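Below: one structure, written as C-alpha coordinates.
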Amino acid sequence: MGPCRLVGSKAEEKATGVCGATLPVVAARNFLRKVAAGTAAHSDHARDMAYTLLEAATGEAPDFKIKDEIKLRKLAGILDISIDGRTKEDIAKEVAEKIISQFGQQKGEVVFVKRAPGKRQEIWRKWGIVPRGVDREIVEAMHRTNMGVDQEPENLMTAALRVSLADGWAGSMFSTDITDILFGTPSPKRSEASIGIMKEDEVNVVVHGHEPSLAEMMVEVSQESDMLEYARQKGAKGINLVGMCCTANEVLMRHGIPTAGGFLNQELAVMTGLAEAIMVDVQCIMPAIAQAAKKFHTKVVTTSGKGKMIDAVHIQYDEHRAKEVAREVLRLAIDNYANRTTEGSRIHETSPVIAGFSHEYIEYMQGGRFRASFRPLNDAIIAGRIRGVVGIVGCNNPRIAQDSVHDYLAEEFVRNDVLVVSTGCGAAACAKAGFMTPETALEMAGPGLREVCEAIGVPPILHLGSCVDNSRILTVVTRMVEEGGLGDDISDLPVVGIAPEWMSEKALAIGCYFVASGMYVIFGSESPVEASSQVKNIMMNQWEERFGGKLEFIPEPEEILKKTLEAIDGKRDRLKLRKYEPGRFGTERKLMTMADRRKLEAAARPHEGVK
Ligand code: NFS
(Lines give C-alpha, C1' and ligand atoms only; values in the text may rest on other atoms or scores of the structure.)
Protein backbone atom coordinates (compact mmCIF):
# COMPACT_ATOMS: atom_id res chain seq x y z
CA MET A 1 0.00 0.00 0.00
CA GLY A 2 2.78 2.43 -0.74
CA PRO A 3 4.74 4.58 -0.97
CA CYS A 4 4.07 3.22 -4.42
CA ARG A 5 6.64 2.18 -6.97
CA LEU A 6 5.93 -0.52 -9.47
CA VAL A 7 9.24 -2.21 -10.14
CA GLY A 8 10.67 -5.59 -11.14
CA SER A 9 8.04 -8.04 -12.38
CA LYS A 10 5.35 -5.41 -11.76
CA ALA A 11 6.99 -2.90 -14.09
CA GLU A 12 4.52 -3.41 -16.90
CA GLU A 13 2.02 -0.94 -18.18
CA LYS A 14 -0.92 -3.17 -17.21
CA ALA A 15 0.40 -3.83 -13.69
CA THR A 16 -1.51 -2.37 -10.78
CA GLY A 17 -0.89 -1.79 -7.10
CA VAL A 18 -3.10 -3.27 -4.37
CA CYS A 19 -5.52 -0.33 -4.71
CA GLY A 20 -5.73 -0.66 -8.47
CA ALA A 21 -3.45 2.25 -9.34
CA THR A 22 -1.87 1.53 -12.71
CA LEU A 23 1.80 1.93 -13.52
CA PRO A 24 1.22 5.16 -15.49
CA VAL A 25 -0.72 6.59 -12.53
CA VAL A 26 2.06 5.70 -10.11
CA ALA A 27 4.75 7.06 -12.46
CA ALA A 28 2.87 10.32 -13.07
CA ARG A 29 2.06 10.72 -9.38
CA ASN A 30 5.70 10.28 -8.34
CA PHE A 31 6.79 12.66 -11.07
CA LEU A 32 4.37 15.36 -9.88
CA ARG A 33 5.63 14.91 -6.30
CA LYS A 34 9.20 15.47 -7.47
CA VAL A 35 8.28 18.61 -9.40
CA ALA A 36 6.39 19.92 -6.36
CA ALA A 37 9.44 19.23 -4.16
CA GLY A 38 11.74 21.07 -6.57
CA THR A 39 9.34 24.00 -6.72
CA ALA A 40 9.14 24.04 -2.92
CA ALA A 41 12.93 24.24 -2.62
CA HIS A 42 13.33 27.17 -4.99
CA SER A 43 10.30 28.94 -3.61
CA ASP A 44 11.15 28.56 0.06
CA HIS A 45 14.55 30.03 -0.77
CA ALA A 46 12.69 32.88 -2.49
CA ARG A 47 10.50 33.42 0.57
CA ASP A 48 13.60 33.84 2.75
CA MET A 49 14.95 36.39 0.27
CA ALA A 50 11.64 38.28 0.32
CA TYR A 51 11.70 38.49 4.12
CA THR A 52 15.31 39.66 4.01
CA LEU A 53 14.26 42.45 1.62
CA LEU A 54 11.38 43.38 3.92
CA GLU A 55 13.61 43.52 6.98
CA ALA A 56 16.30 45.41 5.08
CA ALA A 57 13.62 47.96 4.21
CA THR A 58 12.27 48.30 7.75
CA GLY A 59 15.74 48.38 9.30
CA GLU A 60 15.23 45.15 11.25
CA ALA A 61 18.06 43.49 9.31
CA PRO A 62 20.53 46.41 9.43
CA ASP A 63 23.38 44.60 7.67
CA PHE A 64 21.41 44.44 4.44
CA LYS A 65 21.00 47.42 2.14
CA ILE A 66 19.23 48.05 -1.13
CA LYS A 67 22.04 48.01 -3.66
CA ASP A 68 20.23 48.16 -6.98
CA GLU A 69 17.65 50.91 -6.81
CA ILE A 70 17.07 50.91 -10.57
CA LYS A 71 16.04 47.28 -10.48
CA LEU A 72 13.87 47.95 -7.41
CA ARG A 73 12.01 50.70 -9.27
CA LYS A 74 11.62 48.49 -12.32
CA LEU A 75 10.20 45.70 -10.23
CA ALA A 76 7.85 48.11 -8.45
CA GLY A 77 6.56 49.11 -11.91
CA ILE A 78 5.84 45.47 -12.80
CA LEU A 79 4.03 45.04 -9.47
CA ASP A 80 1.97 48.24 -10.02
CA ILE A 81 3.53 49.89 -6.99
CA SER A 82 3.91 53.64 -7.19
CA ILE A 83 7.41 55.05 -6.79
CA ASP A 84 6.81 58.78 -7.00
CA GLY A 85 8.30 60.71 -4.13
CA ARG A 86 9.00 57.59 -2.08
CA THR A 87 12.25 56.47 -0.48
CA LYS A 88 13.83 53.28 -1.73
CA GLU A 89 13.14 51.67 1.66
CA ASP A 90 9.48 52.55 1.42
CA ILE A 91 9.22 51.12 -2.07
CA ALA A 92 11.19 48.02 -1.07
CA LYS A 93 8.84 47.37 1.85
CA GLU A 94 5.81 47.36 -0.41
CA VAL A 95 7.60 45.29 -3.07
CA ALA A 96 8.58 42.70 -0.43
CA GLU A 97 5.06 42.58 1.01
CA LYS A 98 3.53 42.16 -2.42
CA ILE A 99 5.89 39.30 -3.24
CA ILE A 100 5.33 37.63 0.13
CA SER A 101 1.59 37.75 -0.58
CA GLN A 102 2.18 35.75 -3.76
CA PHE A 103 3.17 32.65 -1.83
CA GLY A 104 -0.12 32.37 0.02
CA GLN A 105 -2.34 33.82 -2.69
CA GLN A 106 -5.37 31.56 -3.09
CA LYS A 107 -7.07 32.85 -6.23
CA GLY A 108 -6.27 34.61 -9.46
CA GLU A 109 -2.86 34.48 -11.15
CA VAL A 110 0.64 34.91 -9.76
CA VAL A 111 1.69 38.37 -10.77
CA PHE A 112 4.74 37.61 -12.96
CA VAL A 113 2.66 35.58 -15.40
CA LYS A 114 2.09 38.89 -17.17
CA ARG A 115 5.82 39.10 -17.93
CA ALA A 116 5.51 36.19 -20.39
CA PRO A 117 4.70 36.81 -24.07
CA GLY A 118 0.94 37.41 -24.55
CA LYS A 119 0.46 34.33 -26.68
CA ARG A 120 2.09 32.17 -24.01
CA GLN A 121 -0.23 33.54 -21.32
CA GLU A 122 -3.23 32.64 -23.45
CA ILE A 123 -1.99 29.06 -23.87
CA TRP A 124 -1.58 28.76 -20.10
CA ARG A 125 -5.08 30.11 -19.49
CA LYS A 126 -6.59 27.84 -22.13
CA TRP A 127 -5.21 24.72 -20.47
CA GLY A 128 -5.73 25.93 -16.92
CA ILE A 129 -2.12 25.91 -15.78
CA VAL A 130 -1.69 29.48 -14.58
CA PRO A 131 -0.52 29.18 -10.96
CA ARG A 132 -2.79 30.84 -8.42
CA GLY A 133 -0.29 31.10 -5.60
CA VAL A 134 3.03 29.37 -5.00
CA ASP A 135 2.14 27.52 -1.81
CA ARG A 136 -1.32 26.63 -3.08
CA GLU A 137 0.06 24.80 -6.11
CA ILE A 138 2.61 22.89 -4.02
CA VAL A 139 0.03 21.90 -1.39
CA GLU A 140 -2.44 20.86 -4.06
CA ALA A 141 0.19 18.72 -5.77
CA MET A 142 0.90 16.97 -2.46
CA HIS A 143 -2.83 16.43 -1.96
CA ARG A 144 -3.48 15.12 -5.45
CA THR A 145 -0.66 12.60 -5.12
CA ASN A 146 -1.95 11.18 -1.83
CA MET A 147 -3.33 7.68 -2.01
CA GLY A 148 -6.65 7.64 -3.76
CA VAL A 149 -6.93 11.17 -5.13
CA ASP A 150 -5.79 11.91 -8.69
CA GLN A 151 -5.88 8.68 -10.71
CA GLU A 152 -5.46 10.01 -14.21
CA PRO A 153 -1.94 10.31 -15.66
CA GLU A 154 -2.85 13.18 -17.97
CA ASN A 155 -4.40 15.21 -15.17
CA LEU A 156 -1.41 14.56 -12.89
CA MET A 157 1.06 15.60 -15.57
CA THR A 158 -0.85 18.82 -16.32
CA ALA A 159 -0.66 19.60 -12.61
CA ALA A 160 3.13 19.12 -12.82
CA LEU A 161 3.31 21.91 -15.38
CA ARG A 162 1.17 24.21 -13.27
CA VAL A 163 3.22 23.71 -10.13
CA SER A 164 6.44 24.16 -12.13
CA LEU A 165 5.23 27.52 -13.43
CA ALA A 166 4.89 28.57 -9.79
CA ASP A 167 8.64 27.95 -9.65
CA GLY A 168 9.87 29.55 -12.89
CA TRP A 169 7.52 32.52 -13.18
CA ALA A 170 7.12 33.06 -9.44
CA GLY A 171 9.46 31.56 -6.80
CA SER A 172 12.69 31.51 -8.80
CA MET A 173 11.96 34.79 -10.56
CA PHE A 174 11.17 36.47 -7.22
CA SER A 175 14.43 35.17 -5.82
CA THR A 176 16.55 36.38 -8.73
CA ASP A 177 15.00 39.85 -8.69
CA ILE A 178 15.23 40.32 -4.93
CA THR A 179 18.80 39.01 -4.79
CA ASP A 180 19.79 41.53 -7.48
CA ILE A 181 18.08 44.35 -5.57
CA LEU A 182 19.82 43.46 -2.31
CA PHE A 183 23.26 42.49 -3.57
CA GLY A 184 23.51 44.05 -7.02
CA THR A 185 22.60 42.94 -10.52
CA PRO A 186 25.55 40.93 -11.85
CA SER A 187 27.88 42.19 -14.53
CA PRO A 188 30.93 40.32 -15.82
CA LYS A 189 33.66 39.51 -13.31
CA ARG A 190 36.94 37.75 -13.94
CA SER A 191 37.77 34.94 -11.54
CA GLU A 192 39.05 31.37 -11.31
CA ALA A 193 37.51 27.92 -11.15
CA SER A 194 38.67 24.51 -9.88
CA ILE A 195 39.40 22.83 -6.59
CA GLY A 196 42.94 24.18 -7.11
CA ILE A 197 41.83 27.56 -5.76
CA MET A 198 42.39 26.39 -2.16
CA LYS A 199 45.45 28.17 -0.77
CA GLU A 200 48.14 26.47 1.33
CA ASP A 201 49.07 29.56 3.35
CA GLU A 202 45.64 31.12 3.92
CA VAL A 203 42.52 30.29 5.90
CA ASN A 204 40.20 28.59 3.40
CA VAL A 205 36.49 29.00 4.01
CA VAL A 206 34.13 27.24 1.62
CA VAL A 207 30.66 28.78 1.26
CA HIS A 208 28.32 26.07 0.02
CA GLY A 209 24.57 25.80 -0.53
CA HIS A 210 22.07 28.14 -2.11
CA GLU A 211 20.74 31.19 -0.30
CA PRO A 212 23.25 33.99 -0.76
CA SER A 213 22.46 36.18 2.29
CA LEU A 214 24.99 34.80 4.77
CA ALA A 215 27.58 34.17 2.05
CA GLU A 216 27.29 37.86 1.09
CA MET A 217 28.01 38.80 4.70
CA MET A 218 30.96 36.41 4.66
CA VAL A 219 32.35 38.23 1.61
CA GLU A 220 32.17 41.50 3.55
CA VAL A 221 33.54 40.32 6.90
CA SER A 222 36.39 38.37 5.29
CA GLN A 223 37.73 41.73 4.08
CA GLU A 224 37.54 43.43 7.49
CA SER A 225 40.92 44.48 8.81
CA ASP A 226 40.21 42.99 12.26
CA MET A 227 39.49 39.62 10.73
CA LEU A 228 42.55 39.73 8.47
CA GLU A 229 44.68 40.69 11.45
CA TYR A 230 43.21 37.84 13.48
CA ALA A 231 44.09 35.41 10.67
CA ARG A 232 47.67 36.75 10.58
CA GLN A 233 47.98 36.32 14.34
CA LYS A 234 47.07 32.67 13.83
CA GLY A 235 49.85 32.27 11.26
CA ALA A 236 47.87 32.57 8.01
CA LYS A 237 48.72 35.03 5.26
CA GLY A 238 45.10 35.86 4.60
CA ILE A 239 41.54 34.62 4.22
CA ASN A 240 40.56 32.77 1.06
CA LEU A 241 36.86 32.56 0.41
CA VAL A 242 35.90 29.70 -1.89
CA GLY A 243 32.47 29.07 -3.44
CA MET A 244 30.73 25.72 -3.92
CA CYS A 245 27.55 24.81 -5.87
CA CYS A 246 25.00 27.58 -6.33
CA THR A 247 26.24 29.78 -3.47
CA ALA A 248 29.45 29.86 -5.51
CA ASN A 249 27.55 31.07 -8.54
CA GLU A 250 25.93 33.87 -6.53
CA VAL A 251 29.16 35.26 -5.08
CA LEU A 252 31.12 34.63 -8.29
CA MET A 253 28.63 36.65 -10.33
CA ARG A 254 28.64 39.59 -7.93
CA HIS A 255 32.11 39.63 -6.38
CA GLY A 256 34.36 37.44 -8.49
CA ILE A 257 34.84 34.95 -5.61
CA PRO A 258 36.40 31.85 -7.20
CA THR A 259 34.38 28.64 -7.49
CA ALA A 260 35.66 25.24 -6.37
CA GLY A 261 32.96 23.64 -8.51
CA GLY A 262 29.61 21.92 -8.38
CA PHE A 263 27.73 19.21 -6.54
CA LEU A 264 30.30 16.42 -6.90
CA ASN A 265 33.21 18.62 -5.85
CA GLN A 266 32.12 19.07 -2.24
CA GLU A 267 33.88 16.00 -0.81
CA LEU A 268 36.98 16.93 -2.79
CA ALA A 269 37.11 20.26 -0.97
CA VAL A 270 37.42 18.34 2.31
CA MET A 271 39.96 15.95 0.81
CA THR A 272 42.40 18.71 -0.03
CA GLY A 273 43.05 18.89 3.71
CA LEU A 274 43.05 22.67 3.27
CA ALA A 275 39.47 23.60 4.15
CA GLU A 276 39.28 25.15 7.61
CA ALA A 277 35.49 25.38 7.39
CA ILE A 278 32.69 24.54 5.00
CA MET A 279 29.72 26.77 5.74
CA VAL A 280 26.45 25.35 4.41
CA ASP A 281 22.79 26.35 4.45
CA VAL A 282 20.24 24.47 2.33
CA GLN A 283 20.03 22.14 -0.70
CA CYS A 284 22.51 19.86 -2.46
CA ILE A 285 24.65 19.42 0.65
CA MET A 286 25.90 15.86 1.03
CA PRO A 287 25.76 14.46 4.57
CA ALA A 288 28.98 12.68 3.52
CA ILE A 289 31.04 15.85 3.90
CA ALA A 290 30.71 15.81 7.69
CA GLN A 291 31.88 12.19 7.69
CA ALA A 292 34.76 12.88 5.32
CA ALA A 293 35.69 15.87 7.47
CA LYS A 294 36.35 13.55 10.44
CA LYS A 295 39.50 12.39 8.70
CA PHE A 296 40.74 15.95 8.37
CA HIS A 297 40.59 19.07 10.49
CA THR A 298 37.73 20.59 8.47
CA LYS A 299 34.71 21.88 10.38
CA VAL A 300 31.38 21.59 8.58
CA VAL A 301 29.14 24.40 9.82
CA THR A 302 25.39 24.21 9.26
CA THR A 303 23.63 27.56 9.53
CA SER A 304 19.96 26.94 8.70
CA GLY A 305 17.41 25.56 11.13
CA LYS A 306 15.96 23.74 8.12
CA GLY A 307 19.17 21.88 7.41
CA LYS A 308 21.09 20.30 10.28
CA MET A 309 23.60 17.48 9.86
CA ILE A 310 25.02 14.76 12.08
CA ASP A 311 28.62 15.53 13.11
CA ALA A 312 28.47 19.13 11.92
CA VAL A 313 28.77 22.24 14.09
CA HIS A 314 25.60 24.34 14.05
CA ILE A 315 25.78 28.12 14.16
CA GLN A 316 22.30 29.50 13.60
CA TYR A 317 21.98 32.20 10.94
CA ASP A 318 19.84 35.15 11.94
CA GLU A 319 19.31 37.99 9.46
CA HIS A 320 18.91 40.46 12.33
CA ARG A 321 22.58 39.97 13.24
CA ALA A 322 23.86 38.58 9.95
CA LYS A 323 27.40 40.00 10.00
CA GLU A 324 27.94 38.87 13.58
CA VAL A 325 26.99 35.30 12.60
CA ALA A 326 29.37 35.49 9.62
CA ARG A 327 32.16 36.69 11.93
CA GLU A 328 31.47 33.82 14.31
CA VAL A 329 31.83 31.26 11.52
CA LEU A 330 34.93 32.99 10.21
CA ARG A 331 36.59 33.09 13.64
CA LEU A 332 35.92 29.37 14.02
CA ALA A 333 37.65 28.79 10.67
CA ILE A 334 40.62 30.99 11.59
CA ASP A 335 41.01 29.22 14.94
CA ASN A 336 41.02 25.93 13.05
CA TYR A 337 43.92 26.93 10.74
CA ALA A 338 46.55 25.64 13.16
CA ASN A 339 44.88 22.22 13.28
CA ARG A 340 45.74 21.15 9.73
CA THR A 341 47.28 17.72 10.10
CA THR A 342 46.34 15.27 7.42
CA GLU A 343 48.01 15.79 4.09
CA GLY A 344 45.25 15.89 1.48
CA SER A 345 45.11 15.46 -2.27
CA ARG A 346 45.97 18.70 -4.00
CA ILE A 347 45.92 20.14 -7.45
CA HIS A 348 47.18 23.57 -8.30
CA GLU A 349 45.72 24.23 -11.74
CA THR A 350 42.83 26.65 -12.06
CA SER A 351 40.92 27.92 -15.07
CA PRO A 352 40.11 31.56 -15.75
CA VAL A 353 36.43 32.37 -15.91
CA ILE A 354 34.31 35.39 -16.76
CA ALA A 355 30.92 35.17 -15.09
CA GLY A 356 28.08 37.56 -14.37
CA PHE A 357 25.81 37.73 -17.40
CA SER A 358 22.54 38.90 -15.94
CA HIS A 359 19.81 39.40 -18.55
CA GLU A 360 20.22 43.13 -17.99
CA TYR A 361 23.90 42.90 -18.88
CA ILE A 362 23.19 40.73 -21.93
CA GLU A 363 20.90 43.48 -23.14
CA TYR A 364 23.44 46.18 -22.32
CA MET A 365 26.30 44.39 -24.06
CA GLN A 366 24.31 44.39 -27.28
CA GLY A 367 23.96 48.14 -27.52
CA GLY A 368 25.14 50.05 -24.49
CA ARG A 369 23.11 52.01 -21.98
CA PHE A 370 21.16 54.00 -24.55
CA ARG A 371 20.48 51.29 -27.05
CA ALA A 372 20.24 48.18 -24.90
CA SER A 373 18.36 45.59 -26.91
CA PHE A 374 18.27 42.05 -28.16
CA ARG A 375 18.30 43.21 -31.79
CA PRO A 376 21.89 42.15 -32.52
CA LEU A 377 21.29 38.64 -31.15
CA ASN A 378 18.04 38.21 -33.07
CA ASP A 379 19.67 39.57 -36.23
CA ALA A 380 22.64 37.24 -35.83
CA ILE A 381 20.23 34.30 -35.55
CA ILE A 382 18.21 35.48 -38.54
CA ALA A 383 21.37 35.86 -40.62
CA GLY A 384 22.64 32.42 -39.60
CA ARG A 385 25.73 33.64 -37.79
CA ILE A 386 24.28 32.15 -34.65
CA ARG A 387 22.43 28.93 -35.39
CA GLY A 388 20.40 28.94 -32.17
CA VAL A 389 20.67 29.17 -28.42
CA VAL A 390 21.00 26.33 -25.92
CA GLY A 391 20.74 26.44 -22.14
CA ILE A 392 23.00 23.83 -20.53
CA VAL A 393 21.92 23.71 -16.92
CA GLY A 394 21.52 21.50 -13.91
CA CYS A 395 23.40 19.11 -11.75
CA ASN A 396 26.21 16.61 -11.60
CA ASN A 397 25.21 13.03 -11.05
CA PRO A 398 27.35 10.24 -9.56
CA ARG A 399 26.14 7.93 -12.35
CA ILE A 400 28.04 10.01 -14.91
CA ALA A 401 31.74 10.94 -15.00
CA GLN A 402 31.56 14.43 -13.53
CA ASP A 403 31.10 17.23 -16.07
CA SER A 404 31.81 14.92 -19.01
CA VAL A 405 28.47 15.48 -20.76
CA HIS A 406 28.26 19.18 -19.86
CA ASP A 407 31.69 19.75 -21.37
CA TYR A 408 31.16 17.58 -24.43
CA LEU A 409 27.91 19.31 -25.32
CA ALA A 410 29.17 22.82 -24.60
CA GLU A 411 32.16 22.31 -26.87
CA GLU A 412 30.12 20.78 -29.68
CA PHE A 413 27.44 23.45 -29.59
CA VAL A 414 29.95 26.25 -29.69
CA ARG A 415 31.72 24.54 -32.61
CA ASN A 416 28.35 24.43 -34.35
CA ASP A 417 27.68 28.17 -33.91
CA VAL A 418 25.17 27.64 -31.11
CA LEU A 419 25.35 30.25 -28.35
CA VAL A 420 25.33 28.56 -24.93
CA VAL A 421 23.90 30.02 -21.73
CA SER A 422 24.59 28.12 -18.55
CA THR A 423 23.62 28.05 -14.87
CA GLY A 424 24.06 25.92 -11.77
CA CYS A 425 26.52 23.06 -11.82
CA GLY A 426 26.50 23.15 -15.62
CA ALA A 427 28.05 26.60 -15.42
CA ALA A 428 30.59 25.34 -12.87
CA ALA A 429 31.52 22.52 -15.28
CA CYS A 430 32.12 24.93 -18.16
CA ALA A 431 34.05 27.29 -15.89
CA LYS A 432 36.37 24.54 -14.67
CA ALA A 433 36.92 23.39 -18.25
CA GLY A 434 38.13 26.90 -19.07
CA PHE A 435 35.31 27.49 -21.59
CA MET A 436 34.05 30.75 -20.10
CA THR A 437 36.53 33.22 -21.52
CA PRO A 438 36.34 35.32 -24.68
CA GLU A 439 39.45 33.50 -25.94
CA THR A 440 37.41 30.29 -26.10
CA ALA A 441 35.44 31.84 -28.92
CA LEU A 442 38.63 32.19 -30.94
CA GLU A 443 39.79 28.66 -30.22
CA MET A 444 36.56 26.68 -30.36
CA ALA A 445 33.67 28.58 -31.88
CA GLY A 446 32.30 28.19 -35.36
CA PRO A 447 32.94 31.16 -37.69
CA GLY A 448 29.63 32.97 -37.15
CA LEU A 449 29.51 32.69 -33.39
CA ARG A 450 33.18 33.65 -33.20
CA GLU A 451 32.51 36.86 -35.10
CA VAL A 452 29.65 37.81 -32.78
CA CYS A 453 31.64 37.05 -29.62
CA GLU A 454 34.68 38.94 -30.91
CA ALA A 455 32.61 42.01 -31.76
CA ILE A 456 31.01 42.15 -28.33
CA GLY A 457 33.98 40.76 -26.40
CA VAL A 458 32.14 37.94 -24.63
CA PRO A 459 32.64 34.20 -24.22
CA PRO A 460 30.53 31.88 -26.41
CA ILE A 461 29.24 30.31 -23.19
CA LEU A 462 27.59 32.81 -20.89
CA HIS A 463 27.40 32.18 -17.14
CA LEU A 464 23.90 33.30 -16.10
CA GLY A 465 24.16 32.32 -12.45
CA SER A 466 22.67 29.87 -10.00
CA CYS A 467 19.77 27.50 -10.55
CA VAL A 468 17.12 29.99 -9.41
CA ASP A 469 18.66 32.21 -12.10
CA ASN A 470 17.22 29.92 -14.75
CA SER A 471 14.46 32.51 -14.46
CA ARG A 472 16.95 34.81 -16.25
CA ILE A 473 16.73 32.44 -19.23
CA LEU A 474 12.94 32.91 -19.21
CA THR A 475 13.49 36.67 -19.33
CA VAL A 476 16.07 36.38 -22.12
CA VAL A 477 13.81 34.27 -24.34
CA THR A 478 10.87 36.59 -23.64
CA ARG A 479 12.96 39.60 -24.64
CA MET A 480 14.01 37.77 -27.82
CA VAL A 481 10.33 37.27 -28.70
CA GLU A 482 9.51 40.91 -27.91
CA GLU A 483 12.42 42.13 -30.02
CA GLY A 484 10.76 40.60 -33.08
CA GLY A 485 11.77 38.67 -36.15
CA LEU A 486 11.74 35.25 -34.49
CA GLY A 487 8.03 34.51 -34.21
CA ASP A 488 5.62 35.63 -31.55
CA ASP A 489 6.08 33.06 -28.82
CA ILE A 490 8.91 31.31 -26.98
CA SER A 491 7.92 28.07 -28.74
CA ASP A 492 8.90 29.67 -32.08
CA LEU A 493 12.51 30.34 -31.07
CA PRO A 494 15.40 28.07 -32.11
CA VAL A 495 16.17 27.43 -28.46
CA VAL A 496 16.60 24.19 -26.47
CA GLY A 497 17.10 23.56 -22.73
CA ILE A 498 19.30 20.67 -21.56
CA ALA A 499 20.08 19.18 -18.14
CA PRO A 500 22.55 16.47 -19.18
CA GLU A 501 23.67 15.27 -15.74
CA TRP A 502 20.56 15.99 -13.69
CA MET A 503 19.87 14.39 -10.31
CA SER A 504 17.79 16.86 -8.27
CA GLU A 505 14.03 17.29 -8.06
CA LYS A 506 14.75 20.97 -8.60
CA ALA A 507 16.06 20.14 -12.07
CA LEU A 508 12.75 18.44 -12.91
CA ALA A 509 10.84 21.53 -11.80
CA ILE A 510 13.06 23.69 -14.02
CA GLY A 511 12.68 21.29 -16.96
CA CYS A 512 8.90 21.41 -16.61
CA TYR A 513 8.66 25.20 -16.47
CA PHE A 514 10.83 25.45 -19.57
CA VAL A 515 8.48 23.00 -21.32
CA ALA A 516 5.38 24.88 -20.14
CA SER A 517 7.05 28.05 -21.44
CA GLY A 518 7.29 26.45 -24.88
CA MET A 519 10.76 24.94 -25.03
CA TYR A 520 12.06 21.55 -26.10
CA VAL A 521 13.87 20.18 -23.04
CA ILE A 522 16.27 17.24 -22.97
CA PHE A 523 17.46 15.53 -19.81
CA GLY A 524 20.40 13.12 -19.83
CA SER A 525 20.92 10.19 -17.48
CA GLU A 526 17.87 8.18 -16.44
CA SER A 527 14.18 8.93 -16.78
CA PRO A 528 12.02 8.73 -13.65
CA VAL A 529 9.09 7.65 -15.84
CA GLU A 530 10.98 5.23 -18.06
CA ALA A 531 8.61 2.35 -17.28
CA SER A 532 5.52 4.09 -18.59
CA SER A 533 5.13 4.62 -22.31
CA GLN A 534 1.86 6.44 -21.61
CA VAL A 535 3.53 9.05 -19.41
CA LYS A 536 6.41 9.40 -21.88
CA ASN A 537 3.84 9.94 -24.60
CA ILE A 538 2.20 12.74 -22.57
CA MET A 539 5.57 14.47 -22.07
CA MET A 540 6.57 14.16 -25.71
CA ASN A 541 3.39 14.44 -27.72
CA GLN A 542 0.54 15.81 -25.67
CA TRP A 543 2.67 18.54 -24.14
CA GLU A 544 4.04 19.48 -27.54
CA GLU A 545 0.57 19.74 -29.06
CA ARG A 546 -0.75 21.83 -26.21
CA PHE A 547 2.23 23.88 -25.06
CA GLY A 548 4.73 23.77 -27.94
CA GLY A 549 7.37 22.30 -25.62
CA LYS A 550 8.25 18.72 -24.73
CA LEU A 551 10.42 16.79 -22.28
CA GLU A 552 12.60 13.90 -23.38
CA PHE A 553 15.13 11.79 -21.49
CA ILE A 554 18.10 10.81 -23.64
CA PRO A 555 21.04 9.09 -21.96
CA GLU A 556 23.49 9.15 -24.93
CA PRO A 557 25.33 12.48 -25.25
CA GLU A 558 25.75 12.13 -29.04
CA GLU A 559 22.01 11.66 -29.39
CA ILE A 560 21.34 14.77 -27.26
CA LEU A 561 23.58 16.76 -29.58
CA LYS A 562 21.96 15.40 -32.72
CA LYS A 563 18.39 15.96 -31.55
CA THR A 564 19.16 19.46 -30.31
CA LEU A 565 20.69 20.56 -33.61
CA GLU A 566 17.80 18.98 -35.52
CA ALA A 567 15.31 20.84 -33.30
CA ILE A 568 17.12 24.14 -33.79
CA ASP A 569 17.27 23.68 -37.57
CA GLY A 570 13.60 22.65 -37.56
CA LYS A 571 12.61 25.86 -35.77
CA ARG A 572 14.75 27.91 -38.19
CA ASP A 573 12.93 26.23 -41.05
CA ARG A 574 9.51 26.98 -39.61
CA LEU A 575 10.51 30.63 -39.15
CA LYS A 576 11.68 30.61 -42.78
CA LEU A 577 15.13 31.77 -41.76
CA ARG A 578 18.04 31.13 -44.08
CA LYS A 579 19.36 27.59 -43.85
CA TYR A 580 22.28 27.40 -41.45
CA GLU A 581 25.57 26.83 -43.24
CA PRO A 582 28.83 27.26 -41.36
CA GLY A 583 30.70 30.35 -42.55
CA ARG A 584 27.91 31.61 -44.83
CA PHE A 585 25.72 34.37 -43.45
CA GLY A 586 23.04 36.71 -44.67
CA THR A 587 23.08 40.44 -44.23
CA GLU A 588 22.33 41.90 -40.86
CA ARG A 589 22.90 45.07 -38.96
CA LYS A 590 26.45 45.80 -37.98
CA LEU A 591 27.24 44.65 -34.49
CA MET A 592 28.49 47.40 -32.27
CA THR A 593 31.97 46.95 -30.90
CA MET A 594 32.96 48.23 -27.48
CA ALA A 595 34.62 51.24 -29.16
CA ASP A 596 31.46 52.09 -31.15
CA ARG A 597 29.39 51.84 -28.01
CA ARG A 598 31.66 54.16 -26.02
CA LYS A 599 31.48 56.74 -28.80
CA LEU A 600 27.72 56.54 -28.81
CA GLU A 601 27.43 56.91 -25.07
CA ALA A 602 29.86 59.81 -25.02
CA ALA A 603 27.83 61.56 -27.72
CA ALA A 604 24.68 61.12 -25.68
CA ARG A 605 26.38 62.61 -22.60
CA PRO A 606 28.74 65.25 -24.02
CA HIS A 607 29.16 67.00 -20.67
CA GLU A 608 30.42 63.82 -19.03
CA GLY A 609 33.13 63.03 -21.57
CA VAL A 610 34.23 59.53 -22.47
CA LYS A 611 33.95 57.08 -19.63
NI1 NFS B 1 20.67 23.17 -9.20
FE2 NFS B 1 22.37 24.34 -7.39
FE3 NFS B 1 23.94 21.82 -8.64
FE4 NFS B 1 21.78 20.60 -9.29
FE5 NFS B 1 22.26 21.24 -6.86
S6 NFS B 1 23.79 22.91 -6.74
S7 NFS B 1 20.25 24.41 -7.41
S8 NFS B 1 20.22 21.23 -8.01
S9 NFS B 1 23.38 19.92 -8.05
S10 NFS B 1 22.61 22.29 -10.40
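Values in this document were obtained by computation on a predicted structure and should not be read as measured data. Indexing begins at 1, ligand by ligand and atom by atom, following the structure's order.
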| Is the cationic atom of Arg47 (NZ for Lys, CZ for Arg) positioned less than 6.0 Å from the six-membered ring centroid of Phe103 and within 45 degrees of its normal? | yes

| Heavy-atom closest contact (Val325 atom, Asp318 atom, distance) | CG2-N, 3.9 Å

| said: Using a 3.5 Å distance criterion without hydrogens, assess whether the side chain of Ser358 forms a donor-acceptor pair with backbone atoms of Tyr361. | reply: yes

| note | Shell check on atom 5 (Fe) of ligand 1: protein N, O or S atoms less than 2.8 Å away are Cys284 SG

| request: Could you pull out the closest heavy-atom pair between Ala277 and Ala333, with the gap in Å? | output: CB-CB, 3.7 Å

| Aromatic centroids of Trp502 and Phe523 separated by under 6.0 Å | yes

| message | Check whether Tyr520 forms a cation-pi arrangement with Lys550 (NZ or CZ under 6.0 Å from the six-membered ring centre, at most 45° off the ring normal). | response | yes

